[in-house]
Amino acid sequence: MNQNPMSEPIFADGASDRSRHLSASGNAAGPGLATAAAPLAETPSTHPLTGPGSLPEEHPARRAAVDGGVADASLLQELRGVRSDTPSVWFMRQAGRSLPEYRALREGTTMLDSCVRPDMAAEITLQPVRRHGVDAGIFFSDIVVPARLAGLGVEIRPGVGPVFDHPVRTEADIEALPPLGDDYEEALAPVREAVRLTVAELGTTPLIGFAGAPFTVASYMVEGGPSRDHLRTRALMRSRPDLWERLATWVAELSGRFLRAQVLAGASAVQLFDSWVGALGQEQYLEHVQAHSAAALAHVSDLPVPRIHFGVGAAHLLLPMLGAGATAMGVDHRLRLDRALEVLPAGTPVQGNIDPAVLFTSEEARFAEARGVLEAGAAAAGHVVNLGHGVPPDTDPQVLTDLVAFLHSQRVARAAEAPEA
Ligand code: CP3
């Protein structure tokens with residue numbers, strides 16, 4: 001079976017998606033850098049809602065801006081390796097506590113309840129787009145929303161993060177995970193509805209859908225909550241690789257179907273967050289994680305939408321993460337983009353990576369950092385500006401608005417002409 005029936009190449013030079021994955025594995029990397037790409041995992045489910053390979057007729061990515069769609073939006077073009085003169089920007093965690101309108105709307109509703117109320121999720125997604133004029137919305141949800149929709153007991157404790165009622169550590173715990181059948185597909189209805197409401201309002205601004213990668217989500221499940229070093233998760237991986245395999249397979253299906261639901265309902269790009277994967281070495285990543293991230297991404301790889309993959313402290317994993325089936329790499333602020341580009345295959349679009357710390361410095365320092373990031377990304381086939389990690393909750397929102405205006409006032413230096421075609 002062809003697991004990756006890409007109907008439309010999403011790269012400007014027309015290289016097939018599949019050959020990109022292979023080129024990620026064939027790249028001459030620096031010393032000690034793992035280059036292997038997993039064979040793309042079998043898509044573990046059928047997708048009952050549509051046939052593979054095409055976006056629904058009414059999807060915004062099927063229309064250009066003149067017809068109210070996003071097909072030619074510069075942010076998506078950058079992700080496809082087609083450069084624009086003006087930088088495109090969005091911020092991870094642009095929705096949320098830094099915005100007073102968010103805090104007002106959330107009053108009296110728990111975080112996860114607000115995610116499954118379509119009108120609320122849509123409104124919260126739109127707030128930062130209206131206020132800051134960013135070039136994309138990021139769907140307001142959380143990496144543990146799919147687990148909640150599948151029936152697991154999980155909440156988000158303010159100032160703490162996701163906490164599971166029952167940590168998943170033993171064979172019996174894994175056996176007790178709910179099957180991800182039609183019930184789960186139905187449970188995703190509020191997600192689809194929220195995305196539909198959101199894209200109707202966003203118009204010519206694209207919506208980015210997202211999910212948590214298997215390692216990061218499974219880590220919350222195994223630890224029961226946030227953890228500094230993910231010791232239990234990493235121990236499970238080594239001591240009971242069979243159990244880890246079953247858990248990660250389940251999470252890949254959970255997250256993958258969440259991603260697909262968002263894309264079919266109107267998201268025009270996706271980001272797979274593997275926030276805590278930096279805790280792993282290359283060998284552990286390749287042996288125990290890459291194939292599962294690939295399985296999650298394979299749920300949307302037949303659809304013509306860019307796939308961004310992001311991890312924190314994951315400079316040593318850039319290539320294997322790309323090899324999991326991403327088409328663009330998010331880079332955190334610890335690694336300069338020009339250094340990332342030395343490792344990544346030519347033609348790989350990048351996203352990042354303004355240090356969130358500069359949000360708490362002077363405007364001069366912020367703009368200097370932003371200029372530096374634009375310069376470092378100038379040689380990339382495509383570059384979407386972002387922070388190196390999420391917006392901290394105590395950020396002054398005006399600082400973000402001003403940063404977006406500054407970025408939009410800049411011209412991208414054409415250090416290298418975009419793709420070799
Ligand atoms: O604007 C956006 O980025 C969209 C929404 C979004 C949220 N979570 C909303 C949220 C996204 C993309 C996420 C992803 C997410 N969730 C990740 C990956 C990104 C990253 O930051 O690395 C992770 C690791 C989580 C798990 C999680 N959820 C954490 C660590 C926290 C913070 C806990 C805290 O209070 O400090 C959450 C809660 C959360 N998710 C909030 C928001 C807006 C804050 C909760 C609130 O407002 O009450």
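Atoms considered below: every heavy atom in the structure, side chains included; atoms not considered: hydrogens, waters and symmetry mates. Counting convention: from 1, in listed order, for ligands and their atoms alike.
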With heavy atoms of Pro158 as the reference, note each atom of ligand 1 found under 4.0 Å away.
-> 35 (O)
Should you measure from each heavy atom of His389, which atoms of ligand 1 turn up under 4.0 Å away?
-> 20 (C), 21 (O), 22 (O)
Of the protein's non-hydrogen atoms, which lies at the shortest distance from atom 18 (C) of ligand 1, and what is that distance?
-> Ser275 OG, 3.2 Å
In ligand 1, which numbered atoms sit nearer than 4.0 Å to a non-hydrogen atom of Arg106?
-> 46 (C), 47 (O), 48 (O)
With a cut-off of 4.0 Å, which atoms of ligand 1 are near a heavy atom of Ile138?
-> 1 (O), 2 (C), 3 (O), 4 (C)
Sequence-distant partners of Arg196, side-chain hydrogen bond (donor to acceptor under 3.5 Å, both in side chains), two or more places apart | Glu193
Identify, for atom 13 (C) of ligand 1, the protein heavy atom at the shortest distance, and state residue, atom and that distance.
-> Arg93 NE, 3.8 Å
Atom 5 (C) of ligand 1: which protein heavy atom is closest, and how many Å away?
-> Ser141 O, 3.6 Å
Result of checking Leu297, Val270, Val277 against His309 for side chain to side chain contact (heavy atoms under 4.5 Å, CB included) | Leu297
To the nearest 0.1 Å, how far is atom 38 (C) of ligand 1 from its closest protein heavy atom, and which atom is that?
-> Ile156 CG2, 3.4 Å
Per-atom contacts of ligand 1 with Tyr220, taking only distances under 4.0 Å to non-hydrogen atoms = 24 (C), 26 (C), 30 (C)
Distance-only N or O hit between ligand 1 and Ala95, under 3.5 Å = yes
Ion pair Arg130/Glu101, N-O distance below 4.0 Å = no
Which atoms of ligand 1 have any heavy atom of Phe273 under 4.0 Å away?
-> 12 (C), 18 (C), 19 (C)
Interfacing atoms of ligand 1 (cut-off 4.0 Å, heavy-atom, Phe139) | 4 (C), 5 (C)
